[in-house]
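A note on names: the letters A, B, ... follow the listed sequences, proteins ahead of strands, and every chain is numbered from 1.
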2 protein chains.
Amino acid sequence: MEHRIDRIKKQLHAQSYKLTPQREATVRVLLEREEDHLSAEDIYLLVKEKAPEIGLATVYRTLELLSELKIVDKINFGDGVSRYDLRKEGAEHFHHHLVCIECGSVEEVVDDLLGDVEKIIENDWGFQVKDHRLTFHGICKQCQKATVKS
Amino acid sequence: MEHRIDRIKKQLHAQSYKLTPQREATVRVLLEREEDHLSAEDIYLLVKEKAPEIGLATVYRTLELLSELKIVDKINFGDGVSRYDLRKEGAEHFHHHLVCIECGSVEEVVDDLLGDVEKIIENDWGFQVKDHRLTFHGICKQCQKATVKS
DNA sequence: AAACAAATGATAATAATTATTATTATATAA
DNA sequence: TTATATAATAATAATTATTATCATTTGTTT
Ligand SMILES: [Mn+2]
Ligand SMILES: [Mn+2]
Ligand SMILES: [Zn+2]
Ligand SMILES: [Zn+2]
């Protein structure tokens, strides 16, 4: 935890931004809920528990900044809100997601499965890939079981 | 064109919806601008040229309906708006996109490159894939040339 | 024609995000 | 240290996209 915070602090300093108490509180929430996919509002409410005086706009600004520095990835699963996802330590690319159309659960796929596809895009399409977003929509394990039973 | 409209008409009738003049005008705009990725507002303005009396809410309702029937796919490229993309004739899955982070251009990749990845997701993760969204972010051909020149 | 259901247009309401502005904290220079 | 400049913040207003409401229209079924 402290180690991750330290790395992020350095990434901020490298661009001459500082890790203010508000920014640190926000990062801590993101670290504590790393598996989740929280909206700005969600994060705001959680940060308030640590730092009750924080304003919503500051949370938005912090998330915006962390996005620019590629510390978090901003993603949209099709409901009206943006969600913020901490990038896995050392990961080159954003990870993939499995979204269940029955129960709404979101699972993470940390292995990068797109190496070959990326080569095709670069070679056949002449497009220089920097990053990607891949989401599968379907039925999760639990919901499959539930369907068989009923 | 008329052939595609006819097919869509049948898809609607199959679920006992009708192809009203407003819906038809909307579908015509989508067909005419098939390569583009229009927002609801964009579509509204274009439909108005054909059917000036149409209301914005009707456009939203129509797009919602077409999404449910999988005639269009709703997608979000990270700016605040939803965009609507006609599904290619006979396509099983939504196609892929290449978004240039320099100039903002969006290119379409119609070949489905995810067959193998999908197998891994189904076998190793036990997740039953119904559809997917894949977007690459990077530098398009034109912008690469521009960079070399300068 | 009467009755009913589906669809529409106008517009109000909602919700997410961004902009503004006065204030506060932090860093730098004299 | 004190003064001064800069960056960041909180509160809140404004904006924007989308959805909800409701009276009216259209089309269909008796
Ligand atoms: Mn994730
Ligand atoms: Mn497309
Ligand atoms: Zn599920
Ligand atoms: Zn480009």
Side-chain angles (χ1 to χ4, degrees), chain A residues 8-29 37-69 71-85, chain B residues 8-9 11-30 37-69 71-85:
Chain A
I8 290 168
K9 192 177 191 172
K10 286 200 186 90
Q11 288 177 265
L12 285 167
H13 285 163
Q15 314 277 332
S16 63
Y17 293 111
K18 33 200 159 171
L19 185 64
T20 63
Q22 292 89 341
R23 285 174 183 166
E24 182 171 339
T26 305
V27 167
R28 279 185 191 280
V29 164
H37 299 91
L38 304 171
S39 68
E41 185 81 26
D42 294 338
I43 294 165
Y44 170 62
L45 293 173
L46 290 166
V47 174
K48 269 193 104 125
E49 295 174 8
K50 294 186 198 307
E53 70 304 334
I54 201 170
L56 177 58
T58 299
V59 171
Y60 270 102
R61 279 184 298 240
T62 300
L63 292 169
E64 187 60 32
L65 177 63
L66 296 174
S67 292
E68 274 168 29
L69 301 187
I71 293 164
V72 307
D73 289 295
K74 194 174 174 180
I75 193 173
N76 192 300
F77 290 124
D79 56 348
V81 295
S82 293
R83 298 180 177 277
Y84 298 85
D85 210 352
Chain B
I8 290 167
K9 192 175 190 172
Q11 288 178 264
L12 284 167
H13 285 165
Q15 313 277 334
S16 63
Y17 293 111
K18 34 200 159 171
L19 185 64
T20 63
Q22 292 88 342
R23 286 174 182 167
E24 181 171 339
T26 305
V27 168
R28 280 185 190 279
V29 164
L30 290 170
H37 299 90
L38 304 171
S39 68
E41 185 81 27
D42 295 337
I43 294 166
Y44 170 62
L45 293 173
L46 290 165
V47 174
K48 269 194 105 124
E49 294 174 10
K50 294 186 198 310
E53 69 306 331
I54 201 170
L56 177 58
T58 300
V59 171
Y60 270 101
R61 279 184 297 238
T62 299
L63 292 169
E64 187 59 33
L65 177 62
L66 295 174
S67 293
E68 273 169 29
L69 301 187
I71 294 164
V72 307
D73 289 297
K74 194 174 176 180
I75 192 170
N76 191 300
F77 288 125
D79 54 348
V81 296
S82 294
R83 299 180 176 279
Y84 298 85
D85 210 353

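Close to C:dA25, at under 4.0 Å from its OP1 or OP2, lies no side-chain N or O of A:Q22. Residue B:T58 has no polar side-chain atom (N or O) positioned under 4.0 Å from OP1 or OP2 of C:dA7.
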Where protein sits on nucleotides 14-30 of chain D, one letter per nucleotide: B base, S sugar-phosphate only, - none, heavy atoms under 4.0 Å: ---SBBBB---------
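Nucleotide D:dA7 holds its C1' atom 13 Å from the NE2 atom of A:H13, rounded to whole Å. Rounded to an integer number of Å, the gap from CG of A:L19 to P of D:dT9 is 10 Å. Going from atom CD of B:E53 over to atom C1' of C:dA7 covers 13 Å, rounded to whole Å. Whole-Å rounding puts the B:I54 CD1 to C:dT11 C1' distance at 16 Å.
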Side chain to side chain contact (heavy atoms under 4.5 Å, CB included) evaluation trace for B:V59 with B:I54: CA-CA 8 Å; B:V59 171; B:I54 201 170; 4.0 Å; yes
Side chain to side chain contact (heavy atoms under 4.5 Å, CB included) evaluation trace for B:K18 with B:L12: CA-CA 6 Å; B:K18 34 200 159 171; B:L12 284 167; over 6 Å; no
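Between B:D85 and B:V72, the closest side-chain pair of non-hydrogen atoms is not below 4.5 Å.
Of the residues near DNA chain C, B:K48 and B:S16, the one whose nearest nucleotide (by heavy atom distance) lies more toward the 5' end is B:S16.
Side-chain atoms of A:R23 and A:T26 include no donor-acceptor pair closer than 3.5 Å.
When every heavy atom of A:A25 is checked against every heavy atom of A:V47, the shortest pair comes out as CB-CG1, 3.9 Å.
By the 4.0 Å N-to-carboxylate-O rule, B:R83 lies close enough to B:D42 to be salt-bridged with it.
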